[in-house]
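A single structure is presented below for examination.
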Number of protein chains: 2
Amino acid sequence: MKLEIKPIKLPLIKKGDKLPLIIHKHIEKHKKTDILVVSQTIISKAEGRTKNLETIEPTKEAKKIAEKTNKKPEICQLILNESEIIALGENYIITNKNGLICANAQIDQSNAGPNKAILPPKNPEKTAKKIHKKTKTPTIITDSIGRPFRKGAVGTAIAYSGIKPISNYTNKKDLYNQKMKTTTQCVADELASAANIVMGESNQQTPIAIIKGFKHHGKPTNRKINRKPTNMIFTPKTPYKNKNQK
Amino acid sequence: MKLEIKPIKLPLIKKGDKLPLIIHKHIEKHKKTDILVVSQTIISKAEGRTKNLETIEPTKEAKKIAEKTNKKPEICQLILNESEIIALGENYIITNKNGLICANAQIDQSNAGPNKAILPPKNPEKTAKKIHKKTKTPTIITDSIGRPFRKGAVGTAIAYSGIKPISNYTNKKDLYNQKMKTTTQCVADELASAANIVMGESNQQTPIAIIKGFKHHGKPTNRKINRKPTNMIFTPKTPYKNKNQK
């Protein structure tokens with residue numbers, strides 16, 4: 001298969017905007033076999049998930065974390081509100097938000113506005129379904145997520161609708177007509193990464209992309225990409241204990 | 001930017017084949033601004049890095065690991081020869097090979113031939129440079145690598161030549177004309193993932209891909225993508241101790 005990945009410009013999204021409708025209007029000419037990739041930032045903005053840092057009153061714990069991590073106490077408070085902190089160090093806070101392990105609970109100060117922060121969307125799965133329904137296009141919601149053993153963030157599928165996120169080649173035939181051993185490929189994350197290249201990180205104002213030419217492997221599923229915590233092979237070197245956490 | 005990603009068919013590669021020349025002949029019509037992505041499997045094959053499992057005599061340690069992990073003792077021996085084992089469990093062996101943390105030391109039985117295994121290339125950085133020089137095209141060597149917290153493997157840049165692997169947006173302006181905080185994006189891995197979608201995992205015989213339309217951010221560098229072990233936030237839950245390892 002041959003892929004084509006095109007960024008699409010949108011107007012600046014603000015609180016209350018009907019995102020599925022706006023996106024639908026901007027991608028009307030596409031084919032139904034395409035895949036739509038949407039940056040989570042604009043979902044958060046439409047949901048009004050932008051916080052003015054001046055309105056946040058950090059607790060003692062947030063202040064303590066801020067000191068340890070060289071971050072603003074207000075940001076640490078938002079992270080505490082949004083996630084379970086699992087590790088922290090001089091310049092990082094690693095969080096677990098519903099199984100997604102990443103830095104700073106996906107809270108972003110870039111593209112948020114002066115002294116503001118954007119929180120992650122409330123329910124990206126639900127939003128993915130809504131956008132999919134309105135646009136009739138399989139949809140992936142993405143964020144740029146760091147990795148434990150590799151530098152630099154990469155586009156990652158936070159939620160999706162209408163696709164099979166993981167292709168399984170187990171028992172398919174290889175080049176020598178031998179059955180393949182367990183080989184699973186996370187196409188949802190690969191598509192998210194591919195789209196992230198064209199969507200960019202700074203001021204391009206292209207928060208969605210259309211991927212043309214992707215051949216789906218099998219029926220759409222809701223299979224989760226995050227590994228279950230019980231199956232984790234790696235744990236934080238210095239785990240964080242938060243007394244207030246459940 | 002708009003991307004186009006095209007898989008390219010090659011003849012079956014065998015030991016002694018001059019890979020840079022073969023690839024050059026198959027991509028002659030491309031532009032010099034394109035990016036070439038090459039699956040590491042064909043490099044290993046050209047280097048004769050295919051092992052017949054019948055010729056391997058597993059040591060006591062390999063047999064012990066095989067029992068614990070439900071793998072063939074011969075495969076465990078190859079893993080011991082090729083890497084430092086850092087963790088193992090019922091169905092997995094996690095290895096560190098020159099800083100690349102992944103499963104099974106990148107040793108692959110798929111597409112290797114009956115009762116054979118393919119070892120990773122000897123020096124992928126050197127090969128990336130050679131292919132780059134011959135084809136005049138920036139080159140990424142890829143493998144499908146699993147992730148600690150996410151299911152499914154994704155195309156990952158094992159080596160590269162002629163590109164800047166990590167884009168740094170720190171201090172660039174965001175949508176609101178504010179300076180961005182530290183935002184680094186691993187474009188090399190994103191390009192590897194994008195190419196992996198079209199190259200496929202089983203019997204498609206398309207081990208290379210051409211990416212058109214990528215706009216480079218800055219000058220090529222040799223910057224390493226792997227995090228240094230001293231900076232690791234996560235460590236194996238049950239580390240493996242190998243007495244024979246340095």
Side-chain angles (χ1 to χ4, degrees), chain A residues 1-7 12 87 89 92 94 101 109-114 144 147-156 165-167 169 172-176 178 180-181 183-187 189-191 193-194 196-198 201-203 205 214 224-227 232-237, chain B residues 1-7 12 87 89 92 94 101 109-114 144 147-156 165-167 169 172-176 178 180-181 183-187 189-191 193-194 196-198 201-203 205 214 224-227 232-237:
Chain A
M1 69 177 121
K2 180 182 145 184
L3 290 188
E4 217 183 278
I5 308 165
K6 230 166 79 175
L12 267 186
Y92 65 84
I94 308 293
I101 289 170
Q109 281 181 266
S110 297
N111 293 319
S144 269
R147 290 90 44 91
F149 306 133
R150 303 274 284 177
K151 290 176 197 162
V154 294
T156 303
I166 295 170
S167 297
Y169 294 92
K172 290 213 170 159
K173 297 290 175 66
D174 73 7
L175 283 171
Y176 298 91
Q178 304 282 309
M180 306 236 321
K181 307 213 90 182
T183 296
T184 57
Q185 184 187 352
C186 186
V187 285
D189 278 344
E190 290 186 328
L191 291 163
S193 280
N196 207 42
I197 302 168
V198 304
E201 293 282 349
S202 53
N203 57 0
Q205 216 178 309
F214 179 70
K224 294 274 179 268
I225 302 173
N226 294 328
R227 288 188 195 274
M232 298 283 187
I233 299 166
F234 292 92
T235 53
K237 208 185 254 175
Chain B
M1 69 178 119
K2 181 182 144 184
L3 289 188
E4 217 182 276
I5 308 165
K6 231 166 80 176
L12 267 185
Y92 65 84
I94 308 291
I101 289 172
Q109 282 181 267
S110 297
N111 293 319
S144 271
R147 289 93 43 90
F149 306 134
R150 304 272 288 175
K151 291 176 196 161
V154 294
T156 304
I166 295 170
S167 296
Y169 294 94
K172 290 213 169 158
K173 297 289 176 68
D174 72 6
L175 282 171
Y176 299 91
Q178 304 284 309
M180 306 234 326
K181 307 212 88 183
T183 297
T184 57
Q185 184 186 353
C186 186
V187 286
D189 279 345
E190 291 187 326
L191 291 164
S193 280
N196 206 41
I197 302 168
V198 306
E201 292 283 350
S202 52
N203 57 2
Q205 215 177 310
F214 179 71
K224 293 274 179 267
I225 303 174
N226 295 327
R227 287 188 196 274
M232 298 284 188
I233 299 166
F234 292 91
T235 52
K237 208 186 256 175

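Basis for what follows: all heavy atoms, side chains included, without hydrogens, waters or symmetry-related copies. So that the names make sense, note that chain A is the first sequence line, chain B the second, and so on, each numbered from 1.
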- [ ] Measure the CD1-CD1 distance between B:Ile233 and A:Ile101 for me, rounded to the nearest 0.5 Å.
- [x]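 Taking CD1 in B:Ile233 and CD1 in A:Ile101, the distance rounds to 11.5 Å.
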
TODO: State, to 0.1 Å, how close B:Phe234 and A:Phe234 come at their nearest heavy-atom pair, and which atoms those are.
DONE: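 In this case the closest contact between B:Phe234 and A:Phe234 is CB-CB, 4.1 Å.
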
- [ ] Name the option with the most non-hydrogen atom pairs under 4.5 Å to chain B; the candidates are A:Lys6, A:Lys237, A:Arg150, A:Lys151.
- [x] A:Arg150

Task: Most contacts with chain B, counted as non-hydrogen pairs under 4.5 angstrom, among A:Met1, A:Met232, A:Lys224, A:Glu4 - done: A:Met1

Task: Top contributor to chain B contacts, counting heavy-atom pairs under 4.5 Å, from A:Ile94, A:Ile166, A:Leu12, A:Asp189 - done: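 Ranked by contacts with chain B, first place is A:Asp189.
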
TODO: Measure A:Ile225 against the heavy atoms of chain B and call it side chain, backbone, both or neither at under 4.5 Å.
DONE: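 Both backbone and side chain.
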
TODO: Heavy atoms only: give me the nearest A:Lys2-B:Pro7 pair and the separation to one decimal.
DONE: CA-CD, 4.2 Å

Task: Among B:Val154, B:Thr235, B:Thr156, B:Val187, residue most engaged with chain A (heavy-atom pairs, under 4.5 Å) - done: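 Ranked by heavy-atom pairs under 4.5 Å with chain A, first place is B:Thr235.
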
Open item on the list: Treating B:Arg147 as the side-chain partner and A:Pro148 as the backbone partner, does any N or O pair qualify as donor plus acceptor under 3.5 Å?
Closed with: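 No, the answer is negative, given that no donor and acceptor are paired below the 3.5 Å cut-off.
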
